[in-house]
Structures are given as C-alpha cells and as structure tokens.
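What follows is one structure encoded as structure tokens, with my remarks underneath.
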Amino acid sequence: MNAEEGSSAQTTEQKNVETKYIFVTGGVVSSLGKGIISSSLARLLLSRGYKVTIQKFDPYINIDPGTLNPYEHGECYVTVDGHEADLDLGHYERFTSIHTTRANNITTGRIYQNVIDKERRGDYLGKTVQIIPHITDEIKRSVKLLARQGDYDYVITEIGGTVGDIESTPFLEAVRQLRWELGRNALCVHLTYVPYLKAAKELKTKPTQHSVKLLQQAGIQPDILVLRTEKELPASMCRKVAQFCNVSPEAVIQSLDAPTIYEVPLMMHSQGLDRIVLEKTGEVPQGEPDLEAWNHFLRKLEGAEKEIHIGLVGKYVELQDAYKSISESLSHAAAYCDRKLKLVYIHSEKLTEDNVEEKLAGMDGVIIAPGFGQRGIEGKFIALRWLREHDVPTFGICLGMQCMVIEYARNVLRMADANSTEMDPHTSHNVIDLMEEQKSISNMGGTMRLGAYDCVLKEDSLAAGAYGRTDIRERHRHRFEFNEDYRARFEEAGMRCVGENPDTHLVEVVEVPGKRWYLGTQYHPEYQSTVLHPNPLFVSFMKAAVSYSERK
C-alpha cells in the first residue's frame with residue numbers, strides 16, 4: 001500500500017478491532033517535542049495500514065488560542081471546520097495528511113465550558129459539580145468521542161504541559177481512569193529529558209527518574225519512555241533508566257537531535273517504537289511500514305545542494321513559531337524543487353525606504369506574512385512597492401494580500417490615503433473593509449471567517465495553473481475583505497481578481513499578470529501543505545523563485 005493512502009487504508013481484519021488509545025505525556029521541561037513524537041508514531045502506524053488520528057489536550061483556560069498573541073503561544077492553526085487550534089495540529093496534519101477538526105484540540109477552558117453548560121441545563125440533576133467525576137468524565141468523553149467519529153484503530157492523545165503542573169492534573173487523572181477501564185487497549189508514552197552537563201561531561205538520568213515518579217504518583221505507569229537528548233545514550237544508561245522506572249529495556253527509546261523533524265519517524269522506527277506499541281496493544285506487527293514516499297521526500301530534502309533565498313516580511317519574526325506553517329510549507333516546496341531553503345526573516349517594523357533595497361535585493365522570492373493590527377504595516381507597503389517595481393516573485397497571504405491591494409491602490413491607482421478600515425476607520429478609500437457579517441460582532445474569540453471555503457479561479461489565471469483546476473477549497477482566518485466597489489478600477493489598472501467565493505463573491509485571490517509571480521490570497525494555503533502533498537501555490541511560487549534565481 002502506498003504511504004500516501006495510509007490515512008484512509010484499513011484492512012477487513014482491522015475493522016473489527018476495538019480502538020486503541022495512546023497517551024503521550026511529557027516531563028522535566030516543556031517544548032521537548034511531544035507533538036513531533038506523536039506525529040511520528042501516527043505516521044508509522046498509518047504507513048502500516050492502520051486508521052489513526054491525533055488530538056491535543058491543552059491545559060490553559062482559554063477556550064482556544066484564537067485570542068492569544070503569537071508571542072504567547074506561537075501560530076494559531078485553523079482546522080477545516082473552522083476551529084482555532086494549537087500549532088501542534090499543524091505538525092499532525094503535515095506528518096499524516098489527516099484533516100483535523102475541533103474534536104482534535106481540547107483546552108481546559110472548553111472542558112469547563114461544557115461542564116458548566118451542562119450544569120446550567122440541569123443535566124447533573126442538582127448534584128454538586130466537582131473535578132472528579134464531572135471534569136474528568138468530560139475529558140474522557142472527549143477522548144472517546146473522537147474515536148466514535150472516525151472508527152479509528154488508534155487514537156493518539158497528547159497531553160500538553162509537563163507532569164507535575166497543577167493545570168494538567170485533571171487530564172492525568174482522566175488518563176489514569178481510562179487506562180484502568182480500557183486495559184490493554186490503552187498505553188502511555190512518556191517523553192522526558194536527559195541533560196548533558198558540559199562541565200562534568202556527564203549525562204544525567206535523575207530528572208527522568210523524578211519525572212516518572214511524578215507520573216506514578218498520579219497513578220500512571222508509563223509503558224514506553226522516549227528520552228530526549230543531545231548526546232547518544234550508552235546501552236547501560238538505558239538499562240538503568242528501565243530498571244528505575246519499571247519499564248522494559250527495549251521500551252526505552254532515544255530521541256536524539258535530528259537535522260530535520262522529518263527524520264524522527266525513521267529514528268523511532270529504527271528503535272522499534274511502532275512495533276512495541278503494536279505488541280503492547282495486542283496487535284501482531286506484519287512486515288514493515290511503507291515509507292517509500294516519505295523517504296523520497298527526505299532524499300530530496302537532504303540531497304538538495306543549491307540554495308534558494310526566500311524572505312519573510314512580518315512583525316513576529318523574533319518568534320518564528322508564529323509563522324510555523326508558512327516556514328514548513330516553504331521547506332516542502334523547496335525540497336520538491338531540489339533546493340535547500342534559506343529563509344530570511346525580515347522585521348516589517350524596521351523596513352524603511354532607505355534600507356529596503358539592502359534587505360530585499362538578495363532574495364529570490366518574498367512572502368508578505370499574515371497578521372493583525374497596525375504595527376509593522378507601513379514596512380509591508382514599502383517592501384511590496386520595491387518588490388513589485390523590481391519584479392521579484394512575491395506571495396501575499398491574508399493580511400499580506402490586503403497589503404498588496406492597499407499598496408497598489410496608493411502607488412498605481414493614485415489613491416494616496418487608501419487603507420483598510422482595520423488600520424484607518426476614516427480612510428476615504430477603504431479598499432479593504434470589514435466583512436458585512438462582522439459589523440455586528442462584539443466578541444473577539446472564534447467569530448472571524450474561519451475554516452475551509454470554496455473558491456472558483458479564473459481559467460487563465462496563474463493560480464488556476466498552479467492548482468491544475470479552477471475549483472478549490474482552502475482555509476480562512478480573517479475579518480476584513482477586498483472592497484467589491486473598487487474591483488473594476490483595480491482590474492483596469494492591471495491587478496486582476498482571479499479567485500472568488502461562489503456564494504458570497506468575496507475576492508479570494510489577486511494577481512498582477514505582467515509580473516513574474518505576484519499573487520495574493522485572502523486564505524491561508526499554508527494550512528493545507530503536507531510532506532506528501534505540498535500546497536500547489538507554494539510549489540508554483542518556489543518554481544518562480546528558482547527561475548528568478550537562475551536568471552539573476
């Protein structure tokens with residue numbers, strides 16, 4: 001079976017198997033890579049023909065990350081059904097090609113909101129509502145609900161935060177209960193850190209031992225340990241960890257630093273992680289996972305020698321997780337174009353007429369990043385004018401596309417004060433304006449135009465050529481839109497509106513045909529770019545950047 005078909009493949013024998021649940025917890029420190037380990041395990045199980053999905057439980061009280069500043073939480077990812085989710089869901093989709101939904105990301109806020117709504121309706125029949133059993137029951141319901149929705153063989157649940165945090169205690173208690181109730185159909189993979197003390201030149205396992213002890217105090221015995229480390233661990237140290245943590249020696253897996261996150265599935269497979277999971281859940285491993293397509297991508301990624309320099313103009317460049325899906329989409333596209341990506345982050349707040357050429361002249365292509373608010377917006381206009389006039393391949397995404405429209409209005413249509421009403425409510429040329437259905441909304445969270453919408457492209461457009469079709473469906477996250485009243489004037493001046501929503505006629509794609517590659521999308525194509533299926537627009541943009549680089 002081809003690995004690209006793994007997300008939908010399912011043998012006759014597997015349809016009768018009960019769903020197995022894998023819980024991934026973390027200890028010692030945060031940001032160890034639970035999402036990458038979860039995604040890698042999902043990729044391996046999918047490549048063996050099992051039907052798999054992943055979900056993330058986040059212990060913060062926000063209903064979702066939609067109202068969080070990127071400096072707080074990195075990128076806000078959007079699912080096909082319009083849920084604003086944790087950035088780890090982007091990793092899940094890029095590794096697995098699974099389309100996630102709101103059921104794949106649950107926060108403490110969502111859990112408490114559901115429980116409080118039930119209490120207000122009288123569902124608890126006057127009983128005192130408590131963390132146990134009501135909160136933990138709601139968590140357990142969320143875990144099992146996902147399995148029922150898709151008839152999955154395996155549901156992988158990542159528990160956010162670190163064992164020992166107060167915030168994650170209800171989730172760990174729910175995991176404890178589920179493991180007791182499900183027996184062999186549930187297991188726990190615990191990711192910890194083994195630090196290397198440079199002064200002493202020693203690896204230390206004590207933090208791992210304490211982390212496992214905390215997990216055991218919560219009533220959970222890990223079945224598999226994944227040890228995050230910068231230095232290779234000797235076999236004797238792995239045996240020591242196994243002995244102190246009550247884990248079989250073969251179930252102690254190392255996760256060494258890798259040149260790319262996309263090597264992690266191969267590293268995990270080489271140590272038998274997928275085989276151990278199958279055996280511990282009562283399955284008999286058959287043969288090897290089909291990783292042919294995955295290995296093909298890695299060969300192209302690692303074999304590329306020529307560099308391609310892509311600039312990303314945005315205001316969150318100090319925190320690159322704010323643009324995680326974009327940077328990964330560019331990485332996918334560059335690999336398939338046999339190029340090594342050199343991504344240069346350019347702070348839009350620091351771009352001026354005096355330094356724009358110095359900052360952009362060396363770029364083979366430039367992304368104008370999405371975002372919200374006034375900060376850094378003038379730098380994007382300066383960048384866009386220079387890029388347009390020097391005919392550099394340019395890709396504007398969401399606010400980036402809106403900035404393309406505003407810059408074009410100011411410098412081509414001669415509307416000096418053209419702007420978005422988001423930045424200037426009193427502009428006389430509101431070429432970007434608030435969507436009509438947004439004008440009566442007061443709550444900020446979860447109220448934008450969110451999720452996947454249809455778009456129809458003009459047949460002769462650059463975008464249609466990239467996709468190879470005219471009917472597409474992409475994901476959105478915005479409140480403001482191209483003002484339809486100005487469409488004719490833009491078209492006459494050379495900027496074409498080549499994509500629109502078939503129901504509302506909102507403009508979704510603009511391009512300037514006379515340029516090498518100058519295109520903006522109101523939607524976020526980066527949300528639907530995966531390792532095995534890179535987004536066509538990113539590939540088209542990268543090809544244009546490669547061509548421009550060679551011409552230079």
Side-chain angles (χ1 to χ4, degrees), residues 1-11 33 35-54 77-80 85 87-101 104 150 152-154 156 258-270 273-274 287-304 308 324-341 452 466-469 472-475 524-543 546:
M1 182 193 65
N2 191 297
E4 296 181 47
E5 299 166 356
S7 61
S8 61
Q10 190 177 21
T11 66
I36 301 301
I37 294 298
S38 300
S39 301
S40 298
L41 178 55
R43 177 71 263 161
L44 292 171
L45 293 173
L46 285 166
S47 298
R48 284 182 174 274
Y50 292 93
K51 193 174 182 185
V52 184
T53 192
I54 322 181
Y77 192 77
V78 177
T79 62
V80 288
L87 61 81
D88 271 322
L89 268 71
H91 288 311
Y92 299 167
E93 292 205 16
R94 285 187 285 274
F95 274 66
T96 66
S97 298
I98 293 168
H99 280 173
T100 56
T101 68
N104 295 82
Y152 294 103
D153 297 308
Y154 283 92
I156 300 172
T260 167
I261 58 173
Y262 301 117
E263 284 190 13
V264 177
L266 304 184
M267 293 167 57
M268 294 299 101
H269 174 62
S270 69
L273 177 60
D274 48 327
E288 292 290 305
D290 181 356
L291 294 168
E292 183 181 347
W294 193 270
N295 283 319
H296 171 71
F297 166 76
L298 275 177
R299 284 192 297 270
K300 294 187 79 67
L301 182 69
E302 294 166 358
I308 188 78
K324 193 65 178 174
S325 289
I326 293 175
S327 63
E328 293 304 313
S329 299
L330 289 168
S331 176
H332 305 156
Y336 284 109
C337 290
D338 298 310
R339 289 296 185 274
K340 187 183 292 293
L341 176 67
Y467 283 100
R469 60 187 190 276
I472 62 168
R473 189 169 175 82
E474 293 275 10
R475 302 182 206 179
H524 289 260
E526 70 273 20
Y527 291 150
Q528 296 194 161
S529 185
T530 72
V531 170
L532 301 182
H533 302 283
N535 186 280
L537 274 188
F538 277 93
V539 174
S540 176
F541 167 70
M542 192 61 65
K543 286 178 178 177
V546 168

**side-chain contact (heavy atoms from CB on, under 4.5 Å) between T79 and L89, intermediate numbers included** = CA-CA 8 Å; T79 62; L89 268 71; 4.0 Å; yes

**Prompt:** Can L298 and T260 be said to form a side-chain contact (heavy atoms from CB on, under 4.5 Å), step by step?
**Reply:** CA-CA 9 Å; L298 275 177; T260 167; 4.2 Å; yes

**Item:** L537 vs Y467, side-chain contact (heavy atoms from CB on, under 4.5 Å): CA-CA, chis, key distance, verdict
**Value:** CA-CA 7 Å; L537 274 188; Y467 283 100; 3.6 Å; yes

**Item:** Test log, rule side-chain contact (heavy atoms from CB on, under 4.5 Å), inputs I54 and T100
**Value:** CA-CA 8 Å; I54 322 181; T100 56; over 6 Å; no

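Atom CD of E328 and atom CG of L341 lie 9.5 Å apart (nearest 0.5 Å). Taking OG from S39 and CG from D88, the interatomic distance works out to 7.0 Å, rounded to the nearest 0.5 Å. The CG atom of L41 sits 13.0 Å away from the CD1 atom of I36 when rounded to the nearest 0.5 Å. Between the CE atom of M542 and the CD1 atom of I308 there is a distance of 6.5 Å, given to the nearest 0.5 Å. The structure places CG of L266 at 8.0 Å from CG of L44, a figure rounded to the nearest 0.5 Å. Note that CZ of R299 and CG of D338 are 12.5 Å apart. Values are rounded to the nearest 0.5 Å.
Without hydrogens or angle criteria, S47 side chain to R43 main chain gives a donor-acceptor distance under 3.5 Å. Checking side-chain atoms of R339 against main-chain N and O of K543 turns up no donor-acceptor pair under 3.5 Å. Side chain of D274 to main chain of L45: no donor-acceptor pair is present (N/O by atom type, distance under 3.5 Å, no hydrogens or angles). The closest donor-acceptor contact from the side chain of Y77 to the backbone of Y527 lies under 3.5 Å.
When each of S329, S325, S331 is tested with R94 by the rule side chain to side chain donor-acceptor pair (under 3.5 Å), just one qualifies, namely S325. Checking each of Q528, H524, E526 against R475 for a side chain to side chain donor-acceptor pair (under 3.5 Å) leaves exactly one that passes, namely Q528.
The side-chain heavy atoms of F541 and L330, taken from C-beta on, include a pair separated by under 4.5 Å. The shortest distance between side-chain heavy atoms of Y92 and I98 does not fall below 4.5 Å. Two residues are said to be in side-chain contact when any heavy atoms from C-beta on lie closer than 4.5 Å; I37 and M268 meet this criterion. Between V80 and T101 there is a side-chain heavy-atom pair separated by less than 4.5 Å. A heavy-atom distance below 4.5 Å is not found between the side chains of P259 and E302.
Here the closest heavy-atom approach between residue E474 and residue P525 is recorded as OE1-CA, 3.7 Å. The heavy-atom pair separating T96 from A42 by the smallest distance is CG2-CB, 3.8 Å. Here the shortest heavy-atom pairing between P534 and S529 reads CA-OG, 3.5 Å.
Looking at residues two or more places apart in sequence or on another chain, you find a ring pair (Phe, Tyr, Trp, His ring centres under 6.0 Å) between Y336 and F297.
Between F95 and H91, the two ring planes are perpendicular [angle over 60°; tilted spans 30° to 60°].
H332 and Y262 share a donor-acceptor pair across their side chains, judged by distance under 3.5 Å alone.
Residue K300 qualifies as enclosed at atom NZ: its count of foreign heavy atoms under 6.0 Å is above 12.
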